[in-house]
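So the structure is just underneath, and the comments pick up after that.
One-based numbering, in listed order, for ligands and for the atoms of each.
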Amino acid sequence: MKLKVAIASDHAGYNLKQFIKDSFDLHWVDLGAKNDKTSVDYPDFGYAVAECVANDEAEFGIAVCGTGIGISIACNRNPAIRAAVCTDSTMARLTRQHNCANVLCLGERLTGTEVVIDIVRTFLETEFEGGRHERRVNKLTT
Ligand code: RB5
């Protein structure tokens with residue numbers, strides 16, 4: 001069965017969002033934006049991805065804006081979400097292994113498409129290590 005992944009961006013992340021969807025054959029839940037021309041607000045799209053993952057309507061989320069930072073702040077306002085901005089696959093691996101991150105945040109203006117492919121693949125394929133990390137991750141959800 002295909003992994004179900006929620007994905008959203010603002011206008012500044014729209015092209016990278018489309019590129020990711022075209023690059024991975026997954027069950028995508030696309031929550032917008034609809035184009036790169038209309039200026040929209042990244043918090044609206046971060047909240048949408050966060051809610052979808054928090055409600056178990058998707059196993060993971062991917063959120064894209066210009067830097068990945070603004071939309072990660074929005075995602076992390078949801079207490080069920082552990083969103084991490086990643087600019088390389090080592091960050092993607094470690095945030096899955098140690099933080100059990102459930103939303104990957106990317107910056108279209110910062111990270112090239114080849115690197116993005118490695119990041120997304122690593123993030124989706126890496127398991128949480130549990131053990132000592134479990135206690136710490138539990139402290140993130142009050
Ligand atoms: C939009 O211009 C830009 O500010 C936004 O995509 C993001 O980078 C914010 O963190």
Side-chain angles (χ1 to χ4, degrees), residues 2-130 132-142:
K2 284 181 191 171
L3 201 62
K4 195 171 178 185
V5 181
I7 191 165
S9 72
D10 68 355
H11 57 287
Y14 174 80
N15 290 303
L16 186 58
K17 169 171 72 74
Q18 298 306 111
F19 172 79
I20 294 166
K21 281 173 56 188
D22 290 344
S23 302
F24 291 89
D25 183 25
L26 301 175
H27 181 166
W28 293 108
V29 181
D30 189 339
L31 301 165
K34 293 195 184 334
N35 62 70
D36 64 350
K37 304 287 182 290
T38 311
S39 184
V40 292
D41 300 334
Y42 59 81
D44 297 334
F45 296 90
Y47 296 151
V49 168
E51 203 174 306
C52 193
V53 174
N55 292 340
D56 286 328
E57 288 158 21
E59 283 142 279
F60 290 108
I62 297 180
V64 192
C65 67
T67 60
I69 297 170
I71 207 160
S72 75
I73 294 170
C75 289
N76 277 318
R77 293 178 64 86
N78 186 318
I81 297 304
R82 295 170 300 281
V85 186
C86 295
T87 55
D88 63 40
S89 58
T90 305
M91 295 173 78
R93 176 175 58 79
L94 287 170
T95 199
R96 284 290 305 133
Q97 289 176 333
H98 291 195
N99 315 125
C100 196
N102 50 12
V103 176
L104 168 65
C105 299
L106 297 162
E108 179 176 323
R109 293 174 180 164
L110 300 183
T111 312
T113 51
E114 290 252 346
V115 177
V116 163
I117 293 288
D118 291 341
I119 293 171
V120 172
R121 181 173 297 119
T122 302
F123 187 90
L124 297 178
E125 288 179 356
T126 304
E127 298 289 333
F128 176 48
E129 275 183 357
R132 70 188 189 280
H133 303 297
E134 186 110 45
R135 182 181 70 246
R136 296 161 185 165
V137 168
N138 286 341
K139 288 186 178 182
L140 296 173
T141 313
T142 50

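Within the structure, side-chain hydrogen bond (donor to acceptor under 3.5 Å, both in side chains) contacts touching residues 108-119 (residues at least two apart or in different chains) do not occur. Residues in residues 13-30 take part in these salt bridge (Lys or Arg N to Asp or Glu O under 4.0 Å) pairs, two or more places apart or across chains: Lys2-Asp25, Lys17-Asp30, Lys21-Asp30.
Around CZ of Arg77, the count of heavy atoms belonging to other residues, nucleotides or ligands within 6.0 Å does not exceed 12. Heavy atoms from other residues, nucleotides or ligands lying under 6.0 Å from CD of Gln18 number more than 12.
For Thr38, the side-chain hydrogen bond (donor to acceptor under 3.5 Å, both in side chains) criterion is met by Asn35, not counting sequence neighbours.
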Could you give the N/O to N/O pairs under 3.5 Å linking ligand 1 and the protein, each with its distance?
from: ligand 1; atom 1: 2 (O); to: Arg109; atom 2: NH1; distance (Å): 3.4
from: ligand 1; atom 1: 6 (O); to: Asp10; atom 2: OD2; distance (Å): 2.6
from: ligand 1; atom 1: 6 (O); to: Gly66; atom 2: N; distance (Å): 2.8
from: ligand 1; atom 1: 8 (O); to: Gly66; atom 2: N; distance (Å): 3.3
from: ligand 1; atom 1: 8 (O); to: Thr67; atom 2: N; distance (Å): 3.0
from: ligand 1; atom 1: 8 (O); to: Thr67; atom 2: OG1; distance (Å): 3.3
from: ligand 1; atom 1: 10 (O); to: Thr67; atom 2: OG1; distance (Å): 3.3
from: ligand 1; atom 1: 10 (O); to: Gly70; atom 2: N; distance (Å): 3.0

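Side-chain contact between His133 and Gln97 is absent, with no heavy atoms from C-beta onward closer than 4.5 Å.
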